[in-house]
Novice: 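Here's a structure for you.
Note that the structure is predicted; figures quoted are calculated from it, not measured.
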Amino acid sequence: AASPRIRGPRILPIEFEPLEHLPPLAWCARARPGSPVRVRHGLGVVTRDEGFVEGAWDGDFGAFDVDRAATLAGSGARMRGDALVFAAPFHPLERLFVLRDGGDIRVSNSLAFLLTDAGDGLDLAHPGYFFDFVGHVRRGIAAPPTRLRTASGRRVELHSCCNLRLRADATLERVDRPPGNPPTGYADYADLLLGTTRRLAANAADPRRAATYRLVAACSCGYDS
């Protein structure tokens, strides 16, 4: 593993630790009161002095406003004043995972990475993990976070379509994102979808990226195709 690189303002510095053996876009941040935030991540995660991100969003890549994007196809975090603001994906099919353990807080885009980093695992005596995830999606994006039990008896929180504000004292609060203005009609809705997709594609293919992305659309072999 490469040696950590200390970045960020004095209020809440970040230590980035890139690891070659991790999936490229995986990351896990660990915070303790009065200590730098330690972020272990795969080599595909983009890191800067002001934060990090995996994926693309509907905004200028250079501005790096991942926490203020209406459409973030990925996840990351951005320094804002005296806080580090984590940003979940804009859709409910992926989420941020949080584990609170005494004074420690871990935040990750991967449940497997989060549990491994904490030296924990799933409770093999609990048969309902599938239904826990289904229930989490069905309750909608404004519902309280779902909590998954772990082998050691701790609870992992699931946060979708929101931001999480981390302070220097390792306190973490959920911040709901503004839903934006609703479309006034079908034409307005179509313009919203097309404009968002174009901005997302431009961000993903920005030449300032070390690695660019192309858009991929999934199509099932069922009736909805």
Side-chain angles (χ1 to χ4, degrees), residues 1-19 22 25-43 45-55 57 59 61-70 72 74-90 94-111 113-120 141-142 144-148 150 152 154-178:
S3 59
R5 307 190 306 277
I6 300 178
R7 297 182 176 181
R10 295 179 181 179
I11 297 176
L12 197 67
I14 306 175
E15 292 181 352
F16 290 111
E17 186 179 356
L19 299 172
L22 290 176
L25 301 182
W27 60 265
C28 182
R30 183 180 184 184
R32 299 176 179 177
S35 299
V37 179
R38 176 192 178 201
V39 180
R40 305 174 72 199
H41 61 88
L43 302 185
V45 176
V46 178
T47 61
R48 289 189 179 183
D49 292 343
E50 61 269 34
F52 62 92
V53 68
E54 54 88 10
W57 62 97
F61 178 74
F64 217 70
D65 290 331
V66 297
D67 59 318
R68 296 176 176 174
L72 171 61
S75 61
R78 178 70 151 81
M79 286 288 186
R80 295 293 179 189
D82 62 348
L84 180 62
V85 181
F86 293 95
F90 79 102
E94 297 179 273
R95 56 202 60 84
L96 294 181
F97 300 93
V98 176
L99 180 62
R100 305 174 194 260
D101 185 18
D104 285 13
I105 288 183
R106 286 179 172 85
V107 183
S108 179
N109 65 345
S110 165
L111 177 60
F113 191 7
L114 180 81
L115 293 174
T116 300
D117 194 69
D120 208 335
I141 63 176
T146 297
R147 289 175 170 82
L148 304 178
T150 72
S152 67
R154 293 181 284 186
R155 293 290 186 270
V156 175
E157 302 170 14
L158 278 57
H159 293 270
S160 299
C161 306
C162 68
N163 290 347
L164 302 173
R165 182 179 290 117
L166 177 68
R167 302 288 186 182
D169 60 358
T171 57
L172 189 73
E173 64 173 333
R174 178 188 172 105
V175 180
D176 292 328
R177 293 178 185 159

Novice: Are any non-hydrogen side-chain atoms of Val175 and Val85 less than 4.5 angstrom apart?
Specialist: no
Novice: With a 4.5 Å heavy-atom cut-off, do Ile141 and Arg177 have their side chains touching?
Specialist: no
Novice: State the CG-CG distance between Asn109 and Leu96, to the nearest 0.5 angstrom.
Specialist: 7.5 Å
Novice: Give the minimum heavy-atom separation between Ala88 and Cys161, together with the two atoms involved.
Specialist: CB-N, 3.9 Å
Novice: What distance do Arg147 atom CZ and Leu158 atom CG have between them, rounded to the nearest 0.5 Å?
Specialist: 10.0 Å
Novice: Could you state the interatomic distance from CZ (Phe52) to NE2 (His41), rounded to the nearest 0.5 Å?
Specialist: 8.5 Å
Novice: Could you check Val45, Leu25, Val46 and say which one makes a side-chain contact (heavy atoms from CB on, under 4.5 Å) with Val53?
Specialist: Val46
Novice: Does a side-chain N-to-carboxylate-O contact under 4.0 Å join Arg154 and Asp101?
Specialist: yes
Novice: Can you see which heavy atom on Cys162 is nearest to which on Asp176, and at what distance?
Specialist: CB-OD1, 4.4 Å
Novice: Can Asp117 and Arg40 be counted as an ion pair, charged N to O under 4.0 angstrom?
Specialist: yes
Novice: Between Pro33 and Asp169, which heavy-atom pair has the shortest distance, and what is it?
Specialist: CG-O, 3.7 Å
Novice: Test Glu157 against every option in Arg106, Arg174, Arg100 by the salt bridge (Lys or Arg N to Asp or Glu O under 4.0 Å) rule and name the one that passes.
Specialist: Arg100
Novice: Minimum heavy-atom separation for Ala170 and Gly103, please, with both atom names.
Specialist: CB-O, 3.7 Å
Novice: Nearest 0.5 Å, what's the CZ-CG distance between Arg167 and Leu172?
Specialist: 10.5 Å
Novice: Is there a side-chain contact between Asp120 and Val156 in this structure, where contact means two heavy atoms from C-beta onward sitting under 4.5 Å apart?
Specialist: no
Novice: Take Leu115 and Phe97, measure what side-chain contact (heavy atoms from CB on, under 4.5 Å) needs, and give me the verdict at the end.
Specialist: CA-CA 10 Å; Leu115 293 174; Phe97 300 93; over 6 Å; no
Novice: Closest heavy-atom contact between Leu72 and Ser75?
Specialist: CD2-CA, 3.9 Å
Novice: Go through the steps to decide whether Met79 and Ile14 satisfy the test side-chain contact (heavy atoms from CB on, under 4.5 Å), and finish with yes or no.
Specialist: CA-CA 10 Å; Met79 286 288 186; Ile14 306 175; 3.5 Å; yes
Novice: How long is the gap from CZ on Arg30 to CD on Glu15, to the nearest 0.5 Å?
Specialist: 11.5 Å
Novice: At what distance, to the nearest 0.5 angstrom, does CG of Asp67 lie from CG of Asn163?
Specialist: 6.0 Å
Novice: Is there side-chain contact between Val107 and Leu166, with heavy atoms separated by less than 4.5 Å?
Specialist: no
Novice: Does a side-chain heavy-atom distance below 4.5 Å link Phe86 with Val98?
Specialist: no
Novice: Any idea which heavy atoms bring Trp27 and Ser108 closest together, and the distance?
Specialist: O-OG, 2.6 Å
Novice: With the threshold set at 4.0 Å, does a side-chain nitrogen-carboxylate oxygen contact exist between Glu173 and Arg165?
Specialist: yes
